[in-house]
Amino acid sequence: DVKVTQSSRYLVKRTGEKVFLECVQDMDHENMFWYRQDPGLGLRLIYFSYDVKMKEKGDIPEGYSVSREKKERFSLILESTSTNQTSMYLCASRSPGQNTEAFFGQGTRLTVV
Amino acid sequence: DQQVKQNSPSLSVQEGRISILNCDYTNSMFDYFLWYKKYPAEGPTFLISISSIKDKNEDGRFTVFLNKSAKHLSLHIVPSQPGDSAVYFCAADTGTASKLTFGTGTRLQVTL
C-alpha cells in the first residue's frame, strides 16, 4: 500500500516561530509537492521538487522554503510564522511522465496564534 | 489567475440520484485531468482521470466527461450515496510539467 506520510496532523505555533513540516514517501517518486488548502481557494502550490536538491517555486512561495536532501523526503520550512499561514498543508508525490496520479499525505493542520 | 475553476462551491443531492460536478479550465495546454475527493482532516484521494485524447472515462459509479472545445469537464456520480459526501477537486496538468493545478473545490452533500 503506497504511502505519503506527514510528520504531524495538528500543530499550534506562535507568531514568529520557525516550523518544519516533514513529508516522506515510499514510492520512489522523483516529484514531490507542497500545497496549502484554504476555504474558497482550493489547493495552491507552494513549492515542488523533481529531484534531490532540486526545487521550483509554485504559485505562492512567499514566506516558505523547502529542502530535499533525500529522494523520499521533502520538507517545508516556515522561517517566521504569521497568522496568515494558518492553513491545511498537504504534501504529495507523483511519478514523472504523463498521465499519472499524485498521492497525498494526510495533511497537517497548522494554526498560528 | 485561476486556470481551473469550479464555479459551484456546494451541491446537495438526494441519495440514489445523479450528482454532476463541473469544472472549467482556461489553459489550452492542459491535456490530463483528474478528480480528487477529500474528507475533512484527510488528504485528497484520487478518484478518476481522463486524457485529452478521450471524451469519456468510466469507473463504476463515476464517469468523467471532457469537452475540449468548451474547455469543460464534469464528474457524474450515479447513484449518489451518503459516503460520497465530501469536497471534490478538479485538477489538470500539461503532461510534461508534472505539477497539478487544482480548482477551488465543490462540497457535495448527499442527503437521505
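All values reported here derive from a predicted model rather than from experimental measurement. Side-chain atoms are counted along with the backbone in the values below, which use heavy atoms only and exclude waters and symmetry mates. In the text below, chain A, chain B and the rest are named by the order of the sequence lines, each starting its count at 1.
Residue contact with chain A, scored on non-hydrogen atoms closer than 4.5 Å, involves the side chain of B:Tyr36 exclusively. Looking at B:Pro9, there are no atoms closer than 4.5 Å to chain A (heavy atoms on both sides), in backbone or side chain. Residue contact with chain B, scored on non-hydrogen atoms closer than 4.5 Å, involves the side chain of A:Gln37 exclusively. Within the 4.5 angstrom heavy-atom criterion, no atom of A:Arg44 approaches chain B. Neither the backbone nor the side chain of B:Ser49 comes within contact range of chain A; no heavy atom of the residue lies under 4.5 Å from a heavy atom of that chain.
Looking at heavy atoms from C-beta onward, B:Asp93 lies in side-chain contact with A:Arg94 at the 4.5 angstrom threshold.
At most 12 heavy atoms of other shown residues, nucleotides or ligands fall within 6.0 angstrom of atom CZ in B:Arg107. Counting non-hydrogen atoms of other residues, nucleotides and ligands closer than 6.0 Å to CE of A:Met27 gives a total above 12. Within 6.0 Å of NZ in B:Lys5 there are 12 or fewer heavy atoms belonging to other residues, nucleotides or ligands.
Atom OG in B:Ser52 sits 8.0 Å away from atom CG in A:Asn99 (nearest 0.5 Å). Rounding to the nearest 0.5 Å places CZ of B:Phe89 at 9.0 Å from CZ of A:Phe104. How far CD of B:Glu42 is from CZ of A:Arg9: 7.0 Å, rounded to the nearest 0.5 Å.
When all heavy atoms of A:Glu101 and B:Phe46 are compared, the pair lying nearest together is OE2-CB, 3.4 Å.
Per-residue heavy-atom pair counts under 4.5 Å with chain A were compared for B:Val87, B:Leu100, B:Ile50, and the maximum is reached by B:Leu100. Of the listed residues A:Asn31, A:Leu90, A:Leu41, A:Thr100, the one with more heavy-atom pairs under 4.5 angstrom with chain B than any other is A:Thr100. Counting heavy-atom pairs closer than 4.5 Å to chain A, the top-ranked of the candidates B:Ser51, B:Ala41, B:Ala91 is B:Ala41. In terms of heavy-atom pairs under 4.5 angstrom with chain A, the leader among B:Leu34, B:Val4, B:Thr104 is B:Thr104.
In terms of hydrophobic clustering, with Ile, Leu, Val, Met, Phe, Trp and Tyr side chains grouped at heavy-atom distances under 4.5 Å, A:Tyr89 and A:Val112 are assigned to a common cluster. Residues B:Ile48 and B:Phe102 do not share a hydrophobic cluster, clusters being chains of Ile/Leu/Val/Met/Phe/Trp/Tyr side chains in contact below 4.5 Å.
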Side-chain polar contacts of residues 45-57 of chain A - donor-acceptor pairs under 3.5 angstrom, sequence neighbours left out - could you list them?
{"unit_1": "A:Ser49", "atom_1": "OG", "unit_2": "A:Asp51", "atom_2": "O", "d": "2.9"}
{"unit_1": "A:Ser49", "atom_1": "OG", "unit_2": "A:Met54", "atom_2": "O", "d": "2.6"}
{"unit_1": "A:Ser49", "atom_1": "OG", "unit_2": "A:Arg68", "atom_2": "NH1", "d": "2.9"}
{"unit_1": "A:Lys53", "atom_1": "NZ", "unit_2": "A:Glu69", "atom_2": "OE1", "d": "2.4"}

